[in-house]
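Data block below; observations after.
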Amino acid sequence: METTSAVSVAEKALEKGKGILRLTPTWVPRSFCVPGRRIKLHPDDYYVLGGERGGIDERWFSSTTPAKNGPLTGENEGLSHVVFDDEGNEVQFLLKDAIDELKGELIGDRLWNEYGAWPMYSKFFDNMGPLPHHLHHNDEQAALIGQLGKPEAYYFPPQVNNHGGDFPYTFIGIAPGTTKEQIKECLQNFTKGDNKITNYSSAFRLEPGTGWDVPPGLLHAPGSLCTYEPQKASDVFAMYQSLVNEAIIPEELLWNGTPKDRMGDYDQLMEAIDWELNTDPQMMANRYMVPQPVRDEDEMKAAGYREVWVCYKSDAFSAKELTVMPGQTVTIRDSAAYGLIMMQGHGKMGVWNIETPALIRYGQLTNDEFFVSEKAAMEGVTIVNHSTTDPIVMLKHFGPANPELSL
């Protein structure tokens with residue numbers, strides 16, 4: 001394999017792909033997680049980076065955001081790569097470099113002029129057990145440590161949820177009636193064993209084919225379903241629960257999003273909590289997401305496909321699930337650039353062969369992840385389903401303020 005700079009080949013790759021770039025799988029380990037083994041990585045490869053790094057329980061999509069995994073983080077960890085056949089030579093380069101070079105030609109002038117970058121990414125999060133109750137800071141708080149805030153959302157694809165893991169329930173928010181003093185006391189008890197912060201929360205059973213919206217400042221303890229997770233381009237968080245699934249959470253993760261001059265200040269931790277959001281008595285009505293049709297159901301059925309919004313409550317990103325029925329050829333138009341991951345089926349998308357692998361070795365290339373330029377999206381992407389029995393299913397992740405989103 002030959003690695004080269006994006007400057008010489010990004011334009012060529014985009015032209016040869018007719019506005020669509022093929023991406024390589026981006027695997028990310030987490031030292032504090034146990035892999036749920038549902039993201040199609042070969043069983044021998046979940047700990048391929050060594051025990052110290054932890055198991056691989058995430059695959060990142062369309063990412064220009066580096067993973068923040070401490071001093072052992074690998075070079076370019078979390079960053080998506082484009083793969084391109086340049087006259088018989090396999091060339092790989094960073095999606096981030098391609099966007100920096102091609103700018104609006106790739107992501108559209110609307111996003112480039114406002115952000116100067118691709119401002120989101122998505123991932124599979126695949127943990128065997130629940131995560132600690134934690135939050136992501138808003139832009140104002142994250143700026144204090146030189147980062148961006150992080151809204152995110154969840155969708156639980158049926159194709160990667162053949163089992164629910166150890167705890168398919170997610171704690172969200174703080175039970176109405178809880179006082180700030182009670183939560184602050186939990187934080188002060190962080191190093192004393194179980195700080196019992198989820199005593200003051202409600203857990204919701206997770207249902208494949210549905211999702212949740214998680215704005216910044218909202219405490220949440222993700223359950224053990226494999227989760228498709230679009231989010232703003234940031235990796236900022238702080239863990240507020242000290243013991244989960246009988247595992248102790250290091251205190252450094254409690255202060256993970258705290259500016260140096262306020263380390264040890266529990267009031268600062270409380271300031272990161274959006275109290276009104278957390279104690280919303282209509283939490284499920286306001287944060288739960290059931291897929292919503294993109295257009296008229298009968299019209300889509302007649303055309304041989306079905307497309308639904310699966311993440312649609314945030315203005316920082318959105319996501320759709322597209323299903324192309326067996327034997328059908330469809331042309332799908334979108335109003336913005338997007339990344340995509342194949343969930344089921346095989347066929348053709350533009351000039352590319354697309355397929356859904358059953359098993360992937362670490363470092364192996366696939367034909368299941370792509371990035372579609374705004375121009376190609378608006379002109380329409382033609383998808384051919386080669387199977388007579390199996391639908392093509394893909395998930396598509398978009399940047400901020402999708403012009404089509406009006407739910």
Side-chain angles (χ1 to χ4, degrees), residues 125 130-145 147-156 167-190 194-207 210-225 227 229-232 234-245 249 251 253-259 262 265-289 311-317:
F125 171 72
L131 275 191
H133 219 29
H134 69 279
L135 57 72
H136 304 285
H137 304 73
N138 63 23
D139 281 334
E140 184 182 350
Q141 292 149 350
L144 300 175
I145 58 166
Q147 290 201 52
L148 295 170
K150 185 163 117 167
E152 62 186 21
Y154 306 149
Y155 176 66
F156 310 114
F167 192 78
Y169 305 83
T170 288
F171 286 97
I172 296 181
I174 297 167
T178 304
T179 66
K180 292 183 178 180
E181 290 70 27
Q182 286 172 311
I183 297 300
K184 186 175 179 180
E185 185 180 3
C186 290
L187 301 179
Q188 292 168 331
N189 289 336
F190 195 90
D194 184 359
N195 70 346
K196 300 183 179 179
I197 193 169
T198 52
N199 286 8
Y200 301 104
S201 185
S202 298
F204 297 86
R205 182 175 172 174
L206 303 180
E207 184 70 28
T210 71
W212 287 83
D213 177 54
V214 184
L218 179 63
L219 281 163
H220 55 293
S224 56
L225 285 195
T227 306
E229 200 174 325
Q231 57 207 263
K232 191 169 171 176
S234 169
D235 200 22
V236 66
F237 67 91
M239 298 294 189
Y240 278 31
Q241 184 179 359
S242 60
L243 180 80
V244 65
N245 227 22
I249 308 304
E251 188 189 8
L253 295 180
L254 173 66
W255 302 104
N256 191 55
T258 303
R262 295 196 68 182
D265 181 352
Y266 291 95
D267 288 331
Q268 195 280 333
L269 298 178
M270 292 299 297
E271 287 167 19
I273 299 173
D274 184 326
W275 195 259
E276 185 178 352
L277 183 64
N278 276 272
T279 56
D280 180 4
Q282 299 296 319
M283 186 68 74
M284 188 162 190
N286 291 329
R287 304 271 72 87
Y288 182 60
M289 292 185 293
C311 297
Y312 48 81
K313 292 196 173 193
S314 174
D315 61 2
F317 51 79

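Residue numbers start at 1 and run along the sequence shown.
Taken to the nearest 0.5 Å, the CD atom of E271 stands 15.0 Å off from the OH atom of Y266. Here Y154 contributes atom OH and Y288 contributes atom OH; the two are 15.0 Å apart, rounded to the nearest 0.5 Å. Atom CE of M283 sits about 6.0 Å away from atom CG of L277, to the nearest 0.5 Å. Annotation: the span from L206 atom CG to T227 atom OG1 amounts to 7.0 Å, rounded to 0.5 Å. From E181, atom CD reaches atom CD of Q188 across 10.0 Å, with rounding to the nearest 0.5 Å. Rounding to the nearest 0.5 angstrom, the gap separating the CD atom in Q182 from the CD1 atom in I174 is 10.0 Å.
Between Y200 and C186, the shortest heavy-atom distance links the atoms CE1-SG, 3.7 Å. Considering every non-hydrogen atom in both H137 and G257, the closest pair reads CE1-CA, 3.6 Å. Closest non-hydrogen pair, V236 versus H136, comes out as O-ND1, 2.7 Å. Residues D235 and K150 approach most closely at OD1-NZ, 3.9 Å, considering heavy atoms. In plain terms, the two heavy atoms of A153 and M289 that are nearest each other are CB-CE, 3.9 Å. Closest of all the heavy-atom pairs between T279 and P176 is O-CG, 3.5 Å.
In this structure, the side chain of Q141 engages the main chain of N138 through a donor-acceptor pair within 3.5 Å. Checked by atom type and distance alone, the side chain of S201 pairs as donor or acceptor with a backbone atom of G173 at under 3.5 Å. The backbone N or O of M239 lies less than 3.5 Å from no partner atom in the side chain of N256, so there is not a single donor-acceptor pair.
Under the 3.5 Å distance criterion, with hydrogens and angles disregarded, a donor-acceptor pair is assigned to the side chains of E152 and H220.
Considering only heavy atoms from C-beta on, T170 stays 4.5 Å or farther from W212 through its side chain. Counting heavy atoms from C-beta on, the side chains of W255 and L269 come closer than 4.5 Å. When side chains are defined from C-beta on, S314 counts as touching D213, because their heavy atoms get closer than 4.5 Å. The closest side-chain heavy-atom distance from I197 to N189 is not below 4.5 Å. At least one side-chain heavy atom of L254 sits under 4.5 Å from a side-chain heavy atom of Y240. Between L148 and D139, the closest side-chain pair of non-hydrogen atoms falls below 4.5 Å. Counting heavy atoms from C-beta outward, D265 and T258 have side chains that stay 4.5 Å or more apart. Residues M270 and I183 meet the side-chain proximity criterion, which asks for heavy atoms closer than 4.5 Å.
Taking the six-membered ring for Trp and thresholds of 30 and 60 degrees, H133 and F171 have ring planes more than 60 degrees apart, a perpendicular arrangement. Taking the six-membered ring for Trp and thresholds of 30 and 60 degrees, F237 and H134 have ring planes more than 60 degrees apart, a perpendicular arrangement.
Using a 4.0 Å cut-off between a side-chain N of Lys or Arg and a carboxylate O of Asp or Glu, K184 and D267 qualify as a salt bridge.
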* To do: Using the side chain to side chain contact (heavy atoms under 4.5 Å, CB included) rule, take L219 and I172 through it: C-alpha gap first, then chi angles, then the decisive distance, then the call.
  => CA-CA 6 Å; L219 281 163; I172 296 181; over 6 Å; no
